[in-house]
Amino acid sequence: RRKPALAALGAVALFAMIIGTGVSLYQWREAEEQRKVAEAKTGEAQSNLYTADVKDAMQAWNDGDVKAAAQFLSNHEKSAELGWEYYYLQGLLESNARLIPHDDAIDAIALSPDGATMAAGAGGDVYLWDLRGQPKLRKRIMGQTPAPAHSDGGQILGVALSQDGNWLAVMRFVRMGVSTVTVYDWKKARMIEFATTVRSYWVNRGSLLSFAGNTVVIAGGFSDHAAKETSAFPVQLWDYRKDKDVRHLKGTAGKIAVSQDETMLAAVTSEETVSLWNTKNWKQVGTLGEPLPCNGLSFSLSGRQLAVLSSKGITVWSTNSLQLSHRIDTDRPEERGASDVAFLGEDRLLIARGHAVDVWELEKLADGALRALGHGANVRSLEASADGSHFISGSADQSVRFWSVDDVRGQALALEPFRTFPVAPVFSADETRIAALASEQGHAVVVDTASLKPAFQLGQEAYRLDWDSDRSLEAIPATGKRATI
């Protein structure tokens, strides 16, 4: 027998259950959608953070702030998806074991011929490092002339090491037009010193001091601080074993370089040409080319070539024929500002320029220079190893860095195709091409992985790239329609 009230109650309960289930399902769906949106936003935020941190890490590395670069990368070390750029930067940081920090800006550096000892002048002091294995500080020679506040007194102008690495020569600025040159038998703590007059101000510190057997060769110059008259000071030859026995090379008045075997001297003349001298008898054997203000000189490993750094460029000369063999033009804005030059072996030339060191292949000048990046301030001094396998650079960022050509080539190949540090690179399926956002504007560059040279560049702004196939790249823009390349 039907009971209408009970039936109505049951119907209401069933309806409420259905409504409740529907509401719960709706709420679940809403929650699920919100979760997906939140995850997407979290993923996008993490992706944006990763991109920003990688860019900041690269900037920190180029600024010489290694700790900051490592900190940016450490934010993502547990991430499941790390790109090529992360591992590239991590490799740079791991190679940082070849960096030696100091307490002040590096003014001058020198390597012993056997590569076992390095001298670095910084803040008026000279640091002597043993480079066999992990670098170890052997000795710190404190400045002999205390520097007054806000002056350059006591600043290191040049350092040099003898062939056996036992003798150290140091040139220090004293006052306008006067410097001291001190020779140390640094292993036995013996010191010989005399004062000499040199040019009051040098555009760069390289090519001022060198050994040639028992002789210390000291660069000449001009006392351009005189208001009415300019005096020329010739190159000085100091036989430090005989203490005060000093000779002068007539007609010279500028920077110097001595060949690796110490048999030949190059010296700038008072006419601003470059003269060559036999160090056995100190006789002049020839003069090189065009008169130009000279800022640096360097012999090749064999002594058969000489590089001359001037305000107009870098020229390379044969020391046998006295003829010009190569020229690197510095009239272009990107090639200006060179502060030092050094031969690396026989066929490579190093040029300090701003925060970087350019490495030129003399037989491939048309290909341009590789750039060694990593210093956070101007590079002041360069020195190549005697065997041509590596070089060191001293910078105002208070560090000396060690480089091999492979280090520089790897860094340059990774960075050069993208102009700036590549962001979010993606490989095609066959791995023959890599695409990346190559600038802050988001322009995409596609590079062939075999040659590491740009295949083409997309001028459209994008924030993400996807390969649809091996030869079809889809650029997803921040606004507007997608572009398929």
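Keep in mind that this is a model prediction, so the values were computed, not measured.
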* To do: Hey, could you give me the CG/CD distance between Asn320 and Gln305, rounded to the nearest 0.5 Å?
  => 10.0 Å
* So, do Ile106 and Ile156 sit near enough that their side-chain heavy atoms are less than 4.5 Å apart? -> no
* Output yes when Asp107 and Arg380 qualify as a salt bridge under the 4.0 Å nitrogen-oxygen rule, no when they do not. => yes
* Asked: Are the side chains of Arg353 and Ser339 in touch, meaning some heavy atoms are under 4.5 Å apart?
  -> no
* Ala110 versus Leu161, closest heavy-atom pair with distance -> O-CD1, 3.9 Å
* Asked: Do you see a donor-acceptor pair shorter than 3.5 Å between the side chains of Thr117 and Trp129?
  -> no
* **Backbone N/O of Val217 and side chain of Ser210: donor-acceptor pair under 3.5 Å** => no
* Polar side chain donor-acceptor pair, Ser399 to Ser395, under 3.5 angstrom -> no
* Asked: What heavy-atom pair brings Ala342 and Ser298 nearest, and what distance separates the two atoms?
  -> CA-OG, 3.4 Å
* Are the ring centres of Phe211 and Tyr240 closer than 6.0 Å? -> yes
* Atom pair CD/CG of Gln71 and Asp56 - distance to nearest 0.5 Å -> 12.0 Å
* **Residue pair Ile109, Val400: steps toward the side chain to side chain contact (heavy atoms under 4.5 Å, CB included) verdict** => CA-CA 8 Å; Ile109 50 178; Val400 175; 4.0 Å; yes
* To do: Any chance you could measure Asp114, atom CG, to Arg132, atom CZ, to the nearest 0.5 Å?
  => 7.5 Å
* Under 3.5 Å, is there a donor-acceptor pair between the side chain of Gln163 and the main chain of Gln260? -> yes
* **The single option from Arg140, Arg172, Lys139 passing salt bridge (charged side-chain N to carboxylate O under 4.0 Å, His left out) against Asp125** => Arg140
* Asked: Is it true that a side-chain atom of Thr315 and a backbone atom of Arg327 form a donor plus acceptor pair closer than 3.5 Å?
  -> no
* Asked: Do the side chain of Trp186 and the main chain of Gly165 share a donor and acceptor less than 3.5 angstrom apart?
  -> yes
* Asked: With a 3.5 Å cut-off and no angle check, do the side chains of Asp261 and Ser259 form a donor-acceptor pair?
  -> yes
* Distance from Leu137 atom CG to Asp130 atom CG, nearest 0.5 Å? -> 10.0 Å
* Taking all non-hydrogen atoms of both residues into account, name the closest pair between Ala377 and Asp397 and its distance. => CB-N, 3.5 Å
* Checking side chain to side chain contact (heavy atoms under 4.5 Å, CB included) for the pair Ile218/Val235: CA distance, chi angles, key distance, verdict? -> CA-CA 6 Å; Ile218 305 165; Val235 170; 6.0 Å; no
* **Side-chain donor/acceptor of Ser179 to backbone N/O of Phe173, under 3.5 Å** => no
* Asked: Taking side chain as C-beta onward, heavy atoms only, is Ile392 less than 4.5 Å from Met118?
  -> yes
* Does a side-chain heavy-atom distance below 4.5 Å link Leu209 with Leu157? -> no
* Asked: Under a 4.5 Å cut-off applied to non-hydrogen side-chain atoms, are Val126 and Tyr184 in contact?
  -> no
* **Gap separating the CG atom of Leu265 from the CG atom of Leu249, nearest 0.5 angstrom** => 6.5 Å
* Go through the side-chain N and O atoms of Asp53 and Asn75 and say whether any donor and acceptor fall under 3.5 Å apart. => yes
* Asked: Do Leu306 and Phe343 come close enough that some side-chain heavy atom pair is under 4.5 Å?
  -> no
* Structure fact -> Scanning both residues in full, the closest heavy-atom pair of Leu168 with Ala119 reads CD1-CB, 3.8 Å
* Which heavy-atom pair separates Asp103 from Tyr127 by the least distance, and what is that distance? -> OD2-OH, 3.6 Å
* Asked: Quick check: does any side chain N or O of Ser385 sit under 3.5 Å from a backbone N or O of His390, one acting as donor and the other as acceptor?
  -> yes
* Asked: Do Asn281 side-chain atoms and Lys283 backbone N/O form a donor-acceptor pair below 3.5 Å?
  -> yes
* Are side-chain N/O atoms of Thr319 and Trp317 paired as donor and acceptor at under 3.5 Å? -> no
* **Any donor-acceptor pair under 3.5 Å from His102 side chain to Ile100 backbone** => yes
* Asked: Would you say the side-chain atoms of Asn166 and Lys187 include a donor-acceptor pair closer than 3.5 Å?
  -> yes
* **Ser381 side chain to Ala108 backbone, donor-acceptor under 3.5 Å** => no
* Asked: How far apart are the C-alpha atoms of Leu350 and Asp358, what are their side-chain angles, what is the distance that settles it, and do they pass the side chain to side chain contact (heavy atoms under 4.5 Å, CB included) test?
  -> CA-CA 6 Å; Leu350 309 172; Asp358 291 350; over 6 Å; no
* Closest contact, heavy atoms only, Val379 versus Ala352 -> CG1-CB, 3.8 Å
* Going by atom types only, do Thr287 and Gln284 share a side-chain donor-acceptor pair under 3.5 Å? -> yes
* Asked: Should Thr263 and Lys280 count as side-chain neighbours, where that means a heavy-atom distance under 4.5 Å?
  -> yes
* **Ser275/Trp277 under side-chain hydrogen bond (donor to acceptor under 3.5 Å, both in side chains): CA gap, chis, key distance, verdict** => CA-CA 7 Å; Ser275 56; Trp277 300 74; 2.8 Å; yes
* Asked: Quick one: are Leu49 and His76 in side-chain contact, heavy atoms under 4.5 Å?
  -> yes
* **Steps toward side chain to side chain contact (heavy atoms under 4.5 Å, CB included) verdict (Leu365, His326)** => CA-CA 9 Å; Leu365 293 181; His326 301 87; 4.1 Å; yes
* Asked: Does one side chain, of Ser318 or Gln323, offer a donor that lies under 3.5 Å from an acceptor on the other?
  -> no
* Donor-acceptor pair, side chain of Asp340 and main chain of Leu382, under 3.5 angstrom -> yes
* Asked: Out of curiosity, Leu349 CG to Leu362 CG, how far, rounded to the nearest 0.5 Å?
  -> 5.5 Å
